[in-house]
Novice: 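Below is one structure. I have some questions about it.
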Amino acid sequence: MKVKKLEIITNNLLFALVLSLASFEIGIYINRKTKLAILNPLLIGIIITITFLIVFKIDYKTYDNGGKFINMFLGPSTVVLAVPLYKQLELLKRNAKAIIVGIFCGTVIGIISIICISHLVGLDDTIIRSLAPKSVTTPIGISISEQLGGLVPITVLAIVGTGIIGAVIGPTVCKLCKIKDEVAVGVAIGTASHAVGTSKALELGEVQGAMSSLSIGIAGIMTVVLAPLILNLLNGIF
């Protein structure tokens with residue numbers, strides 16, 4: 001009887017949505033209480049969700065029936081990041097050249113580094129193609145992965161992992177490298193760790209958040225164009 005009741009709940013399309021949101025809210029609460037960067041709300045939410053599915057032996061396909069609706073909000077939530085950017089429009093105009101060059105360099109280095117490291121450790125070509133768009137936001141990364149012939153689930157995992165790592169260590173790396181300029185910090189975090197990193201950049205300040213949100217879009221466009229070219233060039237070398 002308990003099994004049937006559980007199935008009735010899990011088969012409901014709202015189940016995955018409620019579970020995901022509840023897990024993320026718990027993550028936010030823990031992060032605020034501990035104030036530890038490593039306890040990122042998204043990371044905690046993922047761990048709680050996976051643990052729940054394993055403990056109650058809920059099939060991923062069952063979860064995905066409702067979970068896929070969350071994907072519908074990925075695009076709009078990214079567009080919303082344009083609001084802080086609009087508030088810093090004059091700052092953007094004054095630093096336009098430096099920002100574009102910074103995003104371009106970060107994008108190129110990000111693609112080259114993951115491809116070279118993947119070849120050096122002997123990863124399969126399909127995996128390499130899946131990892132190439134790791135530093136762009138999920139909707140764009142999925143499209144690039146499909147274009148390159150990669151595996152979308154691995155791409156999503158790489159994107160989430162990159163975002164969490166960037167959010168956790170990004171500010172510390174900037175401090176260690178003595179990067180104090182707010183524009184530079186925002187561009188670095190946004191280019192390297194997309195939307196998840198931007199959430200951290202917004203905590204650092206409005207300028208950092210605005211520049212980080214700008215970097216997401218431009219880095220995404222650059223990656224769409226550059227990833228196939230760099231991938232084919234490096235594959236020829238290796």
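Everything numeric here is computed off the predicted structure, so don't read it as measured data.
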Novice: Side chains of Leu148 and Ile128, heavy atoms from C-beta outward: is any pair under 4.5 Å?
Specialist: no
Novice: Between Thr137 (side chain only) and Ala195 (backbone N and O only), is there a donor and an acceptor less than 3.5 Å apart?
Specialist: no
Novice: Nearest 0.5 Å, please: how far is CD1 in Ile164 from NZ in Lys200?
Specialist: 13.5 Å
Novice: From Ile50 CD1 over to Ile58 CD1, what is the distance, rounded to the nearest 0.5 angstrom?
Specialist: 13.0 Å
Novice: Is a side-chain N or O of Asp181 found less than 3.5 angstrom from the main chain of Ala184, in a donor-acceptor match?
Specialist: yes
Novice: Show your reasoning for whether side chain to side chain contact (heavy atoms under 4.5 Å, CB included) applies to Asp59 and Thr62.
Specialist: CA-CA 5 Å; Asp59 186 77; Thr62 301; 3.8 Å; yes
Novice: Does the side chain of Ile154 reach to within under 4.5 Å of the side chain of Lys134, using non-hydrogen atoms?
Specialist: no
Novice: Can you tell me how far apart CD (Glu206) and CD (Glu182) are? Round to the nearest 0.5 Å.
Specialist: 10.0 Å
Novice: Run through Ile111, Thr155, Thr138 and flag the one making a side chain to side chain contact (heavy atoms under 4.5 Å, CB included) with Pro133.
Specialist: Thr155
Novice: Is the backbone N or O of Ile47 less than 3.5 Å from a side-chain atom of Thr51, with the two atoms forming a donor-acceptor pair by type?
Specialist: yes
Novice: Check Val183, Thr191, Ile103 against Met211 for a side chain to side chain contact (heavy atoms under 4.5 Å, CB included) and give me the one that passes.
Specialist: Val183
Novice: Are Val225 and Val108 co-members of a hydrophobic cluster defined by side-chain heavy atoms under 4.5 Å apart?
Specialist: no
Novice: Taking C-beta and beyond as the side chain, do Val224 and Ile140 meet within less than 4.5 Å on heavy atoms?
Specialist: yes
Novice: Would you compute the distance between atom OG1 of Thr49 and atom CD1 of Ile26 and round it to the nearest 0.5 angstrom?
Specialist: 8.5 Å
Novice: According to the interplanar angle, ranging from 0 to 90°, do the rings of Phe15 and Tyr63 count as parallel (below 30°), tilted (30 to 60°) or perpendicular (above 60°)?
Specialist: perpendicular
Novice: Does His194 reach the side chain of Ile159, with side-chain heavy atoms less than 4.5 Å apart?
Specialist: yes
Novice: Scan side-chain atoms only and decide if Ser213 and Thr198 contain a donor-acceptor pair under the 3.5 Å cut-off.
Specialist: no
Novice: Is a donor on one side and an acceptor on the other found under 3.5 Å between the side chain of Ser193 and the backbone of Gly163?
Specialist: no
Novice: Can you check side chain to side chain contact (heavy atoms under 4.5 Å, CB included) on Leu202 and Ser212, steps first, answer last?
Specialist: CA-CA 8 Å; Leu202 286 167; Ser212 185; over 6 Å; no
Novice: How far apart are the closest heavy atoms of Ile189 and Ala201, and which atoms are they?
Specialist: CG2-CB, 4.3 Å
Novice: Without swapping roles, check the side chain of Arg129 against the backbone of Gly149 for a donor-acceptor pair under 3.5 Å.
Specialist: no
Novice: Give a yes or no on whether Ile30 and Ile46 share a hydrophobic cluster (residues Ile, Leu, Val, Met, Phe, Trp, Tyr; joining criterion: side-chain heavy atoms under 4.5 Å apart).
Specialist: yes
Novice: Establish whether Leu157 and Leu123 are linked, either directly or via other cluster members, by ILVMFWY side-chain heavy-atom contacts under 4.5 Å.
Specialist: no
Novice: What closest approach, in Å, do Leu42 and Phe24 show between heavy atoms, and which atom pair accounts for it?
Specialist: N-CE1, 3.8 Å
Novice: Checking the side chain of Ser130 only, and the main-chain atoms of Leu151 only, is there a donor and an acceptor separated by less than 3.5 Å?
Specialist: yes
Novice: Tell me, do Phe104 and Leu226 make a side-chain contact under 4.5 Å, heavy atoms counted?
Specialist: yes
Novice: Measure the CD1-CG distance between Ile117 and Leu131 for me, rounded to the nearest 0.5 Å.
Specialist: 10.5 Å
Novice: Closest approach of Val196 and Ala167, non-hydrogen atoms and distance?
Specialist: O-CB, 3.8 Å
Novice: Honestly curious: do Val173 and Val185 fall in one hydrophobic cluster under the side-chain, below-4.5 Å linking rule?
Specialist: no
Novice: Heavy atoms only: give me the nearest Val187-Gly102 pair and the separation to one decimal.
Specialist: CG1-C, 4.2 Å
Novice: Is any side-chain heavy atom of Asp124 closer than 4.5 Å to one of Ile127?
Specialist: yes
Novice: Closest heavy-atom contact between Ile144 and Ala227?
Specialist: CG2-CB, 4.3 Å
Novice: Taking all non-hydrogen atoms of both residues into account, name the closest pair between Ile48 and Ser23 and its distance.
Specialist: CG2-OG, 3.4 Å
Novice: Is a side-chain N or O of Asn31 found less than 3.5 angstrom from the main chain of Pro41, in a donor-acceptor match?
Specialist: no
Novice: According to a hydrophobic-cluster definition based on side-chain heavy atoms being under 4.5 Å apart (Ile, Leu, Val, Met, Phe, Trp, Tyr only), do Leu231 and Val121 belong together?
Specialist: yes
Novice: Using side chain to side chain contact (heavy atoms under 4.5 Å, CB included), reason through Met222 and Ile100 one step at a time and then give a plain yes or no.
Specialist: CA-CA 10 Å; Met222 289 182 176; Ile100 295 300; 4.2 Å; yes
Novice: Could you give the distance from CD1 (Ile115) to CG (Leu120), rounded to the nearest 0.5 Å?
Specialist: 12.0 Å
